[in-house]
Amino acid sequence: MDLNTITAVAHPKRRDQLPVWTAGDAWLAGGTWLFSEPQAHLRRLIDLTDLKWPALTVSEAGLSISATCTVAQLDALACPPEWVASPLVSQCCRAFVASFKIWKTATVGGNICMSLPAGPMIALTSALDGVCTIWLADGGERRIAVADFVTGDGRNLLGPGDLLRQIDIPLAALRRRSALRQISLTPVGRSAALLIGSVSNEGALALTVTASTARPVPLSFDRIPTAEELRNKILQRIPDDLYHADVHGKPEWRKHMTLRLAEEIRRELQALP
């Protein structure tokens with residue numbers, strides 16, 4: 001869609017060239033949502049592509065994903081064999097309601113900053129203990145867990161002019177055994193529940209609930225719990241008003257599927273060596 005209210009496009013190449021944020025500004029990375037509907041309140045786009053952030057950086061500390069990394073680039077990453085959680089990458093990429101053409105443009109950071117319940121990059125990075133690096137509008141920097149960064153349906157901790165720079169995934173999380181469950185009302189529909197569980201070498205279970213809830217809900221156990229323990233923890237930690245409601249699923253059904261998929265994950269991880 002043409003954005004016919006835009007009067008200027010800035011192309012900063014370094015952080016010190018980022019313009020002073022004003023009302024009517026918007027960051028432009030992939031733009032797949034930005035250009036999908038009218039944005040009558042916008043006057044200027046700040047194009048991030050000329051900053052040329054490396055899409056993906058593999059190091060001894062783990063994986064760094066730039067906010068401008070595209071879904072296609074992430075899906076194409078050749079993960080080291082010891083990253084036993086790496087199948088989650090392709091599974092979450094395929095949880096998008098998007099064609100391969102969108103994959104080449106849509107960005108990981110854009111999906112996280114949209115902060116929609118069904119955002120699969122939110123599910124992936126929060127389940128793997130991802131930490132956001134945020135460039136603050138005043139020139140400072142802040143680091144915060146993805147699970148805390150997203151605060152509700154379309155809401156997060158970004159202030160005016162703040163910018164998500166990257167998401168760091170620690171090596172320990174990438175080495176955990178994992179299992180994913182996802183369900184939609186239709187075969188290629190938006191996720192109505194997307195849960196990811198993982199088990200550390202010490203036997204601790206981490207379970208992250210997304211899509212069925214308005215924000216990510218991380219749950220942790222020092223061992224794989226019993227079915228009753230898992231169910232009780234979910235019922236205690238997720239109040240009924242946190243389950244999301246839209247045309248893709250009623251809250252009552254999402255709650256039911258959350259409990260069911262969580263138990264499937266528990267059984268799968270318990271059976272794995």
Side-chain angles (χ1 to χ4, degrees), residues 61-63 79 82-92 95 112 115 117-132 143-152 157 167-183 191-244 249 251-273:
L63 174 66
C79 297
E82 62 270 22
W83 291 9
V84 294
S86 62
L88 294 175
V89 173
S90 62
Q91 289 173 321
C92 287
I112 294 173
S115 300
M121 297 296 97
I122 298 171
L124 174 68
T125 54
S126 59
L128 292 177
D129 301 338
V131 176
C132 299
R143 287 174 59 81
I144 186 167
V146 176
D148 296 325
F149 172 77
V150 178
T151 58
L157 295 179
I167 307 95
D168 295 312
I169 308 294
L171 181 61
L174 293 162
R175 287 179 167 174
R176 296 197 298 245
R177 295 184 289 115
S178 65
L180 179 148
R181 292 292 187 279
Q182 182 265 354
I183 193 167
S191 296
L194 199 169
L195 281 67
I196 298 174
S198 62
V199 177
S200 68
N201 290 335
E202 293 75 31
L205 171 69
L207 178 71
T208 301
V209 178
T210 65
S212 59
T213 51
R215 56 172 173 78
V217 179
L219 306 171
S220 60
F221 304 82
D222 57 11
R223 56 175 173 74
I224 296 181
T226 65
E228 183 178 3
E229 289 171 335
L230 177 60
R231 179 182 177 86
N232 288 340
K233 186 93 170 234
I234 292 172
L235 293 175
Q236 291 168 4
R237 287 288 309 278
I238 307 179
D240 287 348
D241 60 4
L242 189 56
Y243 285 100
H244 188 51
E252 296 82 3
W253 177 70
R254 291 177 190 259
K255 178 180 180 179
H256 173 76
M257 295 313 305
T258 295
L259 293 166
R260 176 176 173 173
L261 299 181
E263 174 58 15
E264 289 184 8
I265 287 173
R266 187 194 70 84
R267 291 182 181 180
E268 178 177 336
L269 292 175
Q270 188 173 52
L272 290 175

- Query: In chain order, what residues pass the salt bridge (Lys or Arg N to Asp or Glu O under 4.0 Å) check against Asp222, with sequence neighbours excluded?
  - Reply: none
- Note on the structure: Residue set satisfying salt bridge (Lys or Arg N to Asp or Glu O under 4.0 Å) with Glu264, at least two apart, ordered chain then number -> Arg181, Arg260
- Task: With sequence neighbours excluded, tell me which residues meet side chain to side chain donor-acceptor pair (under 3.5 Å) with Arg215.
- Result: none
Nearest 0.5 angstrom please: [X] [atom1] to [Y] [atom2], how far?
X: Ile122; Y: Thr208; atom1: CD1; atom2: OG1; value: 12.0 Å
X: Ser178; Y: Ile265; atom1: OG; atom2: CD1; value: 9.5 Å
X: Arg231; Y: Thr226; atom1: CZ; atom2: OG1; value: 12.0 Å
X: Leu207; Y: Ile224; atom1: CG; atom2: CD1; value: 11.5 Å
X: Ile183; Y: Leu261; atom1: CD1; atom2: CG; value: 6.0 Å
X: Asn232; Y: Leu259; atom1: CG; atom2: CG; value: 10.0 Å

Listed partners of [X] passing side chain to side chain contact (heavy atoms under 4.5 Å, CB included), at least two apart:
X: Pro225; result: Leu205, Phe221, Glu229, Leu230, Arg266
X: Leu171; result: Trp83, Arg175
X: Asp168; result: Ser64, Thr133, Arg143, Gln166

Closest approach of [X] to [Y] (non-hydrogen atoms, all atoms of both residues):
X: Ser191; Y: Gln182; result: OG-NE2, 2.9 Å
X: Leu128; Y: Ala173; result: O-CB, 3.3 Å
X: Ala123; Y: Ser126; result: O-OG, 3.4 Å
X: Lys233; Y: Ser220; result: NZ-O, 2.9 Å
X: Gly197; Y: Leu269; result: C-CD1, 3.7 Å
X: Ala147; Y: Pro218; result: CB-CG, 4.2 Å

- So does Glu82 have more than 12 non-hydrogen atoms from other groups sitting under 6.0 Å from CD? yes
Is a side-chain N or O of [X] found less than 3.5 angstrom from the main chain of [Y], in a donor-acceptor match?
X: Thr210; Y: Leu194; result: yes
X: Lys255; Y: Leu235; result: no
X: Arg176; Y: Ala85; result: no

Any side-chain heavy-atom pair from [X] and [Y] closer than 4.5 angstrom?
X: Pro251; Y: Asp240; answer: no
X: Cys132; Y: Leu157; answer: no
X: Cys92; Y: Leu180; answer: yes

- Donor-acceptor side-chain pairing of Ser212 and Thr258 below 3.5 angstrom: yes
- Query: Given the rule in the side-chain contact (heavy atoms from CB on, under 4.5 Å) test, do His256 and Glu252 qualify, once you have shown the distances and angles that lead to the verdict?
  - Reply: CA-CA 6 Å; His256 173 76; Glu252 296 82 3; over 6 Å; no
- Show your reasoning for whether side-chain contact (heavy atoms from CB on, under 4.5 Å) applies to Met257 and Leu195. CA-CA 10 Å; Met257 295 313 305; Leu195 281 67; over 6 Å; no
